[in-house]
Amino acid sequence: MFPGATADREAASYVVVGAPLDATTTFQPGTRFGPDEIRRFARSFDDYDHQTAQHFTERGVHDAGNVRAWDDVAEYVDYLGGQLRDIVWDDAIPLVLGGEHTVTVPAVEAVDPDVFVCLDAHLDLREAYDGTEWSHACVTNHALNTAEEAIIIGARTGSEAEWERAAESDVTVVEPDAVNDWLADPPTFDDEAVYLSVDIDAADPGFAPGTGTMEPGGLTPQQLQGLVSAVAPAAAGFDIVEVNDRDDGQAATLAGKLLRTFVYQHAAAKATS
């Protein structure tokens with residue numbers, strides 16, 4: 001159980017779902033261990049959040065456990081999507097723990113947002129990679145089949161074709177050196193529904209080495225917390241993905257902190273709306 005996720009499923013405002021898919025990971029596998037690593041290293045956090053004056057145990061979070069993954073990715077994605085749609089239909093916010101980034105695709109479909117915001121080192125705009133459209137390198141391309149717009153924050157690598165696709169009007173890329181300016185004046189999103197996905201490799205690997213495809217020149221934990229805080233009030237779904245077990249808990253600890261940041265900021269905004 002994610003620490004502090006003490007609410008009953010029927011009464012929950014937020015539902016944690018582990019999605020330990022590890023089928024298309026490249027370079028360093030291990031995302032199958034991500035959900036439980038995040039839960040494990042979140043045990044060290046205090047229940048009370050000084051910045052928002054909230055207790056996590058009072059935020060109505062339920063942990064529904066892991067949806068066991070299997071080799072047929074398309075079939076798994078379809079099944080996971082059904083589990084997540086049930087959460088959305090119950091007027092709760094799904095909080096998905098990956099698992100490779102592919103698990104974001106059914107979550108986006110379940111939430112059906114206007115805007116897909118993704119914190120990621122990679123553009124993930126490929127139509128296929130390693131012979132499969134279900135690769136973790138294709139996530140934002142899939143998300144744009146549902147959302148009208150994608151904002152990719154922290155991206156610093158991609159193929160030539162991906163950068164050309166990113167130049168089209170439905171994609172905005174905020175590269176690492178522009179993140180502080182974006183944070184100084186983030187979009188309000190007005191009445192648009194947003195889905196927020198955090199690939200832990202958006203962080204510089206010096207802060208979160210436990211991920212599959214590390215890319216230097218990334219974001220700091222403070223920037224990531226600021227980004228999650230800025231987007232959370234408008235978000236109807238959230239995930240944190242691509243954490244593996246190949247470090248001493250740095251990536252998992254940061255992931256757990258970002259999930260809690262999302263809940264606190266979303267709950268605070270909901271309370272004042």
Side-chain angles (χ1 to χ4, degrees), residues 17-35 37 66-85 96-112 116-147 149-168 170-171 173 195 197-203 205 208-216 218 239-246 251:
V17 177
L21 185 65
D22 195 6
T24 77
T25 48
T26 47
F27 190 57
Q28 292 191 128
T31 54
R32 70 192 64 190
F33 303 113
E37 286 287 285
N66 292 343
V67 177
R68 183 187 63 83
W70 58 89
D71 292 340
D72 189 326
V73 178
E75 185 180 86
Y76 177 72
V77 163
D78 182 65
Y79 181 79
L80 177 62
Q83 303 299 302
L84 298 175
R85 279 190 294 276
V96 181
L97 303 179
E100 65 174 77
H101 209 167
T102 304
V103 303
T104 296
V105 178
V108 171
E109 292 174 350
V111 171
D112 192 21
F116 175 63
V117 178
C118 185
L119 315 187
D120 202 328
H122 308 87
L123 293 172
D124 287 353
L125 285 166
R126 300 173 190 262
E127 294 182 1
Y129 189 72
D130 280 346
T132 176
E133 66 175 314
W134 292 111
S135 170
H136 66 111
C138 306
V139 169
T140 303
N141 182 63
H142 279 288
L144 283 166
N145 292 328
T146 301
E149 175 187 0
I151 302 173
I152 311 168
I153 304 176
R156 48 200 183 271
T157 188
S159 69
E160 183 175 2
E162 285 181 284
W163 284 109
E164 290 173 356
R165 175 67 181 89
E168 296 183 23
D170 59 345
V171 178
V173 178
Y195 186 94
S197 177
V198 180
D199 185 329
I200 202 65
D201 70 24
T211 192
T213 314
M214 294 178 285
E215 187 68 30
D239 66 58
I240 182 86
V241 299
E242 294 288 339
V243 172
N244 64 29
D245 63 338
R246 292 177 175 248

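Since the structure is predicted, the reported quantities are computational estimates derived from the model, not experimental observations.
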Yes or no on side chain to side chain contact (heavy atoms under 4.5 Å, CB included) for T211 and Q28, after CA distance, side-chain angles and deciding distance?
CA-CA 7 Å; T211 192; Q28 292 191 128; 5.9 Å; no
Under the side chain to side chain contact (heavy atoms under 4.5 Å, CB included) criterion, do V105 and N145 qualify, and how do the steps go?
CA-CA 10 Å; V105 178; N145 292 328; over 6 Å; no
Before you tell me yes or no, could you show the steps for V241 and H136 under side chain to side chain contact (heavy atoms under 4.5 Å, CB included), namely the whole-Å CA-CA distance, both residues' side-chain angles and the distance that decides it to 0.1 Å?
CA-CA 10 Å; V241 299; H136 66 111; over 6 Å; no
Pair W163, L123 - check side chain to side chain contact (heavy atoms under 4.5 Å, CB included), show working.
CA-CA 8 Å; W163 284 109; L123 293 172; 3.5 Å; yes
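N244 is not listed as a side-chain neighbour of D22, based on a closest heavy-atom distance of 4.5 Å or more. Between P209 and M214, the closest side-chain pair of non-hydrogen atoms falls below 4.5 Å. At least one side-chain heavy atom of Y195 sits less than 4.5 Å from a side-chain heavy atom of D239. In this structure, the side chains of E109 and L84 stay at 4.5 Å or more apart for every pair of heavy atoms. Side-chain contact between V73 and T102: present, with at least one pair of heavy atoms (C-beta onward) separated by less than 4.5 Å. Counting heavy atoms from C-beta outward, H101 and D201 have side chains that stay 4.5 Å or more apart.
To the nearest 0.5 Å, the span separating CD1 on I151 from SG on C118 amounts to 11.0 Å. If you take OG1 on T26 and CG on D130, they are separated by 7.0 Å, rounding to the nearest 0.5 Å. Taken from OG in S197 to CD1 in I153, the straight-line distance is 11.0 Å, to the nearest 0.5 Å. Here E215 contributes atom CD and T157 contributes atom OG1; the two are 4.5 Å apart, rounded to the nearest 0.5 Å. Distance CG/L144 to CG/D124: 11.0 Å, rounded to 0.5 Å.
Of all heavy-atom pairs between A155 and V173, the closest is CB-CG1, 4.0 Å. The shortest heavy-atom contact between V96 and V103 is CG1-CG2, 4.1 Å. Residue G18 comes nearest to P35 through the heavy atom pair CA-CB, 4.0 Å, listed as atom of the first residue, atom of the second, then distance. Of all heavy-atom pairs spanning A19 and L80, the tightest one is CB-CD2, 3.8 Å. In terms of heavy-atom proximity, N141 sits nearest to R126 at CB-O, 3.4 Å. Smallest separation of non-hydrogen atoms from V77 and P106: O-CB, 3.3 Å.
Looking at H142 and T104, their side chains never bring a donor and an acceptor atom within 3.5 Å of each other. No side-chain donor from either of D199 and H122 sits under 3.5 Å from a side-chain acceptor of the other.
Checking P29, C138, S135 one by one against T24, the side chain to side chain contact (heavy atoms under 4.5 Å, CB included) holds for a single residue, S135.
Between Y76 and W70, the ring planes lie perpendicular to each other; the angle is over 60°, past the 30° to 60° tilted range.
Between the side chain of R156 and the main chain of G154, a donor-acceptor pair closer than 3.5 Å is present. Looking at T31, its side chain does come within 3.5 Å of a backbone N or O of L21 through a donor-acceptor pair. Checking side-chain atoms of E127 against main-chain N and O of E133 turns up no donor-acceptor pair under 3.5 Å. A donor-acceptor contact shorter than 3.5 Å links the side chain of S159 to the backbone of E162.
Other residues, nucleotides and ligands contribute only 12 or fewer heavy atoms inside 6.0 Å of the CD atom of E160.
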